[in-house]
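The analysis underlying the following values was restricted to heavy atoms, covering all of them including side chains, and did not include hydrogens, waters or symmetry mates. Lettering follows sequence order; numbering is per chain, from 1.
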There are 2 protein chains.
Amino acid sequence: MEEVAKALKMGKSSIYYYFNSKEEIFDAVVLYEANILRNELTTAIKSVESPIGKMEKYVFVRMKSFEKLSNYYNAIFDKNLDHFEFIEKIREKYDREEIAILRLILYDGAKKKIFKVKNSEYTALAIQTTLKGLEVPLFWQKREVNIDQRLKAILDVLFYGIVLK
Amino acid sequence: MEEVAKALKMGKSSIYYYFNSKEEIFDAVVLYEANILRNELTTAIKSVESPIGKMEKYVFVRMKSFEKLSNYYNAIFDKNLDHFEFIEKIREKYDREEIAILRLILYDGAKKKIFKVKNSEYTALAIQTTLKGLEVPLFWQKREVNIDQRLKAILDVLFYGIVLK
DNA sequence: GAATAATCGACCAAAATATTCGAAATATTT
DNA sequence: AAATATTTCGAATATTTTGGTCGATTATTC
């Protein structure tokens, strides 16, 4: 709070005129950044036609943005929660939305006979789980690791199992 | 302490069987790392013959090592102390030693008619002060800044003022 | 199997941190 | 310019975190 106040050039107590608690501020920041991410994602998948392209774009933008939106990372990551637990908690609210987007891409791909998807709900969930799993080492590991490379590899696997024929 | 205990896979209280306080652990770590640094430095200056080379090597290795020995950086730096104050505090103990090494290099250089040094004690102190000053922005500033470049520039200045003729 | 070494969980005091409160300053409306 | 509403603040309080203690318990050694 002290730090927030300083950054705002305000007295600590003034903050409580606008927010009821520290958590509320935190929520607001996360909401704000999640909205940015959502916009980036939707424009990104619109920019490509093919379902494969959409899926590729989505995964890339998502992971890249996650890296950029580092506010929570720097603010909270230090020691409060286990890393995975932390990410899990933040995203609870936005999971449904993400599933919806993924389902849409999958459904569209299946309609166009490019994906083979038995149950878009479950497949979307599976992909989401994978993406989440990917976030953990993204924060955890040293930054030297080539993320692009790893993402490509994973996408390859994903498509190789998903693309028709 | 909780974190240290966790890292050690021990109960918090067990740690106090070996150390009397948090500070004592901290000191032990610093001492340990300072010893590594000392070794690196002494072998580094031995590897070169000329006083100018020695001085160059010393400054480089010192600054590079300082960057590497990031334990205290990560452990304490977050917010506890002002940056400069922090560095100052840690090094209090090892300043004498450093001065001694610098004096040796200077003295040797003067004897070989390469340096002009009126009072090696004071000159060593001046150099040390400069090096300390250099450490602050090293932590403070973004890492993108080219340290090598800056070190070279500073060494140039140092020598231009110090080398005979 | 007694003596010593090592570990632990539960607890405490103090430091750090979040939050409240009343009042003062500032802005807006009447 | 009085009255009212909004915003800011410092000081006081409540809550949480954290370094450290203690007695009991479990390994290890002789």
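Ion pairing between a basic and an acidic side chain is recognised when a charged N comes within 4.0 Å of a carboxylate O; B:E49 and B:K112 show such pairing.
Taking 3.5 Å as the limit, the base of D:dG20 and the side chain of B:K12 contain a donor-acceptor pair of atoms between them.
Nearest heavy-atom pair, A:A28 versus A:F19, reported as atom, atom and distance to 0.1 Å: CB-CE2, 3.9 Å.
One interatomic measurement links the two molecules: OH of A:Y17 to C1' of C:dT19, which rounds to 17 Å at whole-angstrom precision. Rounded to a whole Å, the CZ atom of B:F26 is 13 Å from the P atom of D:dG20. For the pair B:M1 CE and C:dC12 P, the interatomic distance rounds to 22 Å; values are reported in whole Å. Rounded to an integer number of Å, the gap from B:F19 CZ to D:dT21 P is 15 Å. The distance from atom CG of B:L8 to atom P of C:dA6 is 14 Å, rounded to the nearest whole Å. Separating the CD atom of A:E3 from the C1' atom of C:dA18 is a distance of 14 Å, rounded to the nearest angstrom. B:I15 has its CD1 atom 10 Å from the P atom of D:dG19, to the nearest Å.
With rounding to the nearest 0.5 angstrom, the OG1 atom of B:T42 is 11.5 Å from the CG atom of B:L104.
For the pair A:Y16 and C:dT19, the criterion of a side-chain N or O lying under 4.0 Å from OP1 or OP2 is met.
Heavy-atom neighbours of B:E2 CD from other residues, nucleotides or ligands within 6.0 Å: at or below the threshold of 12.
Heavy atoms of A:Y18 sit under 4.0 angstrom from primed sugar atoms or phosphate atoms, though from no base atom.
In terms of position along DNA chain D, the nucleotide closest to A:M10 lies nearer the 5' end than the nucleotide closest to the other residue of the pair A:M10 and B:N20.
Here the nucleotide nearest the side chain of A:K22, chosen from C:dC8, C:dA6, C:dA18, is C:dA18. Closest approach to the A:S13 side chain among C:dT19, D:dG19, C:dC21 is made by C:dC21 (side chain taken as heavy atoms from C-beta onward).
B:E98 and B:Y58 share a donor-acceptor pair across their side chains, judged by distance under 3.5 Å alone.
Shown here, C:dT30 forms a base pair with D:dA1; the pair counts as Watson-Crick or G-U wobble because both key distances fall under 3.5 Å.
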